[in-house]
There are 2 protein chains.
Amino acid sequence: MIRMKDIAAKLELSQTTVSHVLTGKHAHYRISPATVARVRTMADKLGYRSSALARAFRDRKSYSMALAVEDLTNPFWTGVAIGAEREAEKEGYTLVVANTSGNAERERRTVQLLQERRVDGLIVSPVTVADQALVDLRRDGLPFVQIDRSIKGEDIPCVRTDHVTGSALAVDHLLRRGRREIAFVGGPVEIQTFQLRLAGFRKAMARHGLKPAAVELIEPTSKAAQEAVRGILSRKPRPTAIYTANIWITLGALRAVRDARLSIPGHLEVVGFDDIAEADLLAYPLTTVAQDVEAIGRESFRLLLRVMRGQKVPREVLLPPRLVVR
Amino acid sequence: MIRMKDIAAKLELSQTTVSHVLTGKHAHYRISPATVARVRTMADKLGYRSSALARAFRDRKSYSMALAVEDLTNPFWTGVAIGAEREAEKEGYTLVVANTSGNAERERRTVQLLQERRVDGLIVSPVTVADQALVDLRRDGLPFVQIDRSIKGEDIPCVRTDHVTGSALAVDHLLRRGRREIAFVGGPVEIQTFQLRLAGFRKAMARHGLKPAAVELIEPTSKAAQEAVRGILSRKPRPTAIYTANIWITLGALRAVRDARLSIPGHLEVVGFDDIAEADLLAYPLTTVAQDVEAIGRESFRLLLRVMRGQKVPREVLLPPRLVVR
DNA sequence: TCGAGTTAGTATGCTGTTAAAGTGAAGTTC
DNA sequence: GAACTTCACTTTAACAGCATACTAACTCGA
C-alpha cells in the first residue's frame, strides 16, 4: 500500500506537505500551486489511498457507528439498517451492521467487539429488558441509543414505533368489523416490543369492555405460531379474529388458518404487526399495522448524533404506526 | 478509554508486560502467575477494551473483510450476507457489509472507502460486466472475489449459482407440464446474472426445438415487470408460461396475472428464479428455482481466504440450483 | 562467581495530522 | 548598507495504542 511518505519521497517533499495537500488544507498552509499539482498527480499515479485506519487511530475517532440488531432476515431490521445507513452516509459516517441473534451472550460479545473496533456510537436493540451488557456499556461511556425497545431503569433514549397505539389500531379495526373475540399471539414479554404490543392490546380491549379470547406468548417464529394458532383455532367457540404481534407470527398464523381450511374473512380475520411487501399477493387478505422502518433507522441515527454532541435528547422518540387495511 | 498504559501505571509494571499478558503470550515470555493474575484483574476492573484500531494499524491487517452488494432488501443478498458473516466470524474476521445500490459510481466510491478502511479482502458483486473499479482494484492488489457474476476479461474467481442450469430446470419443468409457449422476463444483460439466465433459457428451449414466446429485458423491479407482463398477457396467442428471472420480476408478474384476472395454473404458469419464503401462502402456486444463498456467502468467503493465503483457487465455483415445485 | 533460568523493561515502528519552527527572498527602516 | 521584518512556502517533531525484538536485572545452584 502506498503511503504519504512514499509520495513525499518521490517528490522530495516532506510528508507534512503531502498531508496538507491531500487533506485539502493547502490554502491554509499556502502550499504553492505547483506543489499542490505535483502532489496530486503523484498520488493519483501511485494509486494512493489514505488510511482511514491511521487517521482514526490518531484522531481517536473512527467515523463509524454500529447498528446491532437481532435478525437481518426480518424485513423490519433490514429496513431499519437501510434507513440508518443512508443517514450515516449523509453525515460522513460508516455504519457497521452487526448481528446479535437475539441472544444475550452473543450480544455481549458483539458489543465488546464493536467497542474494540472503537465505533464512535452504537444503535442497539436490547435483547432483554434487563440487559447487563448495555448497563456496562453506559458505564464505559460509549454513546448509544436504543431502537425498538429499551432496558429497564436506565435513562437511555429509544426510538421506536408506538406499539401501544399500533395495537389499538389493530383492535379498533377488528371491532369496527364486528369481531369481538380476539386472540393475541405474541413473543415473550422479556422483549419489550411484545410487552408493549400486548399491553396495548389489553388496554384497547378493556376500553371496549372486552377480554382477550386468548393470549399466547411463544417464540416469535412461524413454526411456533403455526402450532399455537392451530390450538387457538380448535377452541370452541373459535375466536373470530387473531392479532399477531410480529411478521413471523403472522405468517405462522396464516399457515395454521390454511391447514385448518378456514377462510379469511369468512371464518376469522387476522391482523398482523409489520407489513409484508407481498401481502397483496397472499391467498388471504391481510391487514397489517405497518411501521415506518426506514424512519426508525434514520431517526435513531440522528438521535445518536445528538447524544454524541452532548445535545439535549428526548428519552423516547415514538413514531406513529399506520394501519394497512386489506 | 482505558489503555494498556493505564493498567501498567496502576500496577507499576511496564506496558510490555501488560501486553504480554493480555495477548496470552505470558507463557512464552515467562510472566509470573502472580503478575498475570494482577494484570487480568486490573484489566477487568477498569473495563479495558483493547483497541482493534491500534492493533490493525500496527499489524497492517484489520482482520476485517467487506461484502459489497447491491440491494439488501433482496432476500438473496441478505442470505448471502448472513452466510458470509457466519463464516467470517468462524474465522475470526469481522464482515463489513456495504451497499453499491447497483450503481457503478456508488460502487466505485464504496470500494474506495473500503480500501481506505484497509479491509483485508473484498467480496463484491460487479455492477456491470465491464467494471473499471474492479480492474483498478486488482491493480491495487487488494484480494477479492466476485459473487453471483463476474467482469469480463479478468481472471478473478467467482462464486455463483449455475444460472444456466437453473434456467434449464425451469424450462424442463414447464415442458413436462406441457407448456411450450414460454416467455422470458429478465433484467438487463449488462448484469451477467441475467445474461446467463437468458442464455440458459434460450439454450434449453433450443434443445427442444422451441423458440421463446417472448423475451423482455427490463429494469428488475416489480413495477417494470408488472407493466411488461401486462403486455405479454395481452398478446394473441397468449403464452402459456412465463419464466421470470428474479424475485422482483416474479412478484411483478404475479401482480400482472392478478390484474388480468387470469388463473395459475389454469391460464398460464409462472416459474421464477429465487425462492420466496412466503411462497406457500401466495394466492398463486409458484414454482421457483431456489439458490442456496447462504452457501454462496459461505463459499465466497472461503474462496477469499484461499486467495489471501495465495492458495490455488478455481476460477469459478458453481453451486447447483434446486427446483421447488408448487 | 559464573551462567542458566526467570522475569520485566526499553526502544521502535506502524501512518497520518498538526502545532511550532525554519528558510530564503523580498521589502523596510534608520 | 546593515539589521530587521514580513511573507510565502515547507519542514521538524511529537503523538495516537499496541506488539515485539532486543536488552537488562535478578535469583539460585554449581
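Below, chain A is the first sequence line, B the second, and so on; all start at residue 1.
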Colleague: Before accepting this row, confirm whether a basic side-chain N of the pair B:E316/B:R160 lies closer than 4.0 Å to the acidic partner's carboxylate O.
Modeller: yes
Colleague: Rounded to the Å, how far apart are B:R118 CZ and C:dG16 P?
Modeller: 6 Å
Colleague: Measure from NE2 on B:H26 to P on C:dT6 and round the result to the nearest Å.
Modeller: 15 Å
Colleague: If I take atom CZ in residue A:R60 and atom P in nucleotide D:dC18, what distance separates them, rounded to the nearest angstrom?
Modeller: 12 Å
Colleague: Check the angle between the aromatic planes of B:Y29 and B:H20 and answer parallel, tilted or perpendicular using the 30° and 60° thresholds.
Modeller: parallel
Colleague: For nucleotides 19-22 of chain D, give me every protein contact, N/O to N/O, under 3.5 Å, one pair per line with atom names.
Modeller:
unit_1	atom_1	unit_2	atom_2	d
D:dA19	OP1	B:R55	NH1	2.9
D:dA19	OP2	B:S19	OG	3.3
D:dA19	O4'	B:R58	NE	2.9
D:dA19	N3	B:R58	NH1	2.6
D:dT20	OP2	B:K25	NZ	2.9
D:dT20	O4	B:T16	OG1	3.2

Colleague: What are the atom names and distances for every N/O pair under 3.5 Å that joins the protein to nucleotides 22-25 of chain C?
Modeller:
none

Colleague: Does A:T100 use its side chain to pair, donor to acceptor, with the backbone of A:V69 at less than 3.5 Å?
Modeller: yes
Colleague: Pairs in or reaching into residues 53-75 of chain B: which pass salt bridge (Lys or Arg N to Asp or Glu O under 4.0 Å), with residues at least two apart or in two chains?
Modeller: B:K61-B:D120, B:E70-B:R149
Colleague: Does B:R30 make a side-chain N or O approach to OP1 or OP2 of C:dT7 shorter than 4.0 Å?
Modeller: no
Colleague: Rounded to whole angstroms, how far apart are CE on A:M1 and C1' on C:dT15?
Modeller: 13 Å
Colleague: Just the table, please: protein N/O against nucleotides 23-28 of chain D N/O, every pair under 3.5 Å.
Modeller:
none

Colleague: Using the side chain to side chain donor-acceptor pair (under 3.5 Å) criterion, which residues pair with A:Q115? Sequence neighbours excluded.
Modeller: A:D140, B:R49
Colleague: Indicate whether OP1 or OP2 belonging to C:dT6 is found under 4.0 Å from a side-chain N or O atom of B:S32.
Modeller: no
Colleague: Report all side-chain donor-acceptor pairs from residues 35-45 of chain B shorter than 3.5 Å, counting only partners two or more places apart or in another chain.
Modeller:
unit_1	atom_1	unit_2	atom_2	d
B:T35	OG1	B:S32	OG	2.8
B:T41	OG1	B:A37	O	2.7

Colleague: CG/A:L22 to OG/A:S50 distance, rounded to the nearest 0.5 angstrom?
Modeller: 8.5 Å
Colleague: Would you kindly give the CZ-to-P distance between A:F57 and D:dA16, to the nearest whole Å?
Modeller: 8 Å
Colleague: Decide, yes or no, whether a salt bridge links A:R86 with A:E89 under the criterion of side-chain N to carboxylate O below 4.0 Å.
Modeller: no
Colleague: A:S14 side chain N/O closer than 4.0 Å to the phosphate oxygens (OP1, OP2) of D:dT11?
Modeller: yes
Colleague: OG/A:S19 to CG/A:L13 distance, rounded to the nearest 0.5 angstrom?
Modeller: 12.5 Å
Colleague: Remember a base hit wins even if backbone is also touched, and classify B:L53 as base, sugar-phosphate or nothing at under 4.0 Å, heavy atoms.
Modeller: nothing
Colleague: Within the pair A:T35 and D:dT10, is there a side-chain N or O less than 4.0 Å away from OP1 or OP2?
Modeller: yes
Colleague: Taking atom types as modelled and ignoring hydrogens, do the side chains of B:S125 and B:D148 form a donor-acceptor contact shorter than 3.5 angstrom?
Modeller: no
Colleague: Could you tell me the separation between the CD1 atom of B:I31 and the P atom of C:dA8, rounded to a whole number of Å?
Modeller: 5 Å
Colleague: Within a strict 4.5 Å, meaning less than it, do heavy atoms of the B:R117 and A:Y63 side chains meet?
Modeller: yes
Colleague: Could you check how far OH of A:Y63 sits from C1' of C:dG16, rounded to whole Å?
Modeller: 12 Å
Colleague: With DNA chain D as reference, determine whether A:L13 or B:R49 sits nearer its 5' end, using the nearest nucleotide of each.
Modeller: A:L13
Colleague: A:E12 has an atom CD; how far is it from atom P of D:dT11, in whole Å?
Modeller: 10 Å
Colleague: Less than 4.0 angstrom from a charged side-chain N to a carboxylate O is my criterion; do A:R139 and A:D136 meet it?
Modeller: no
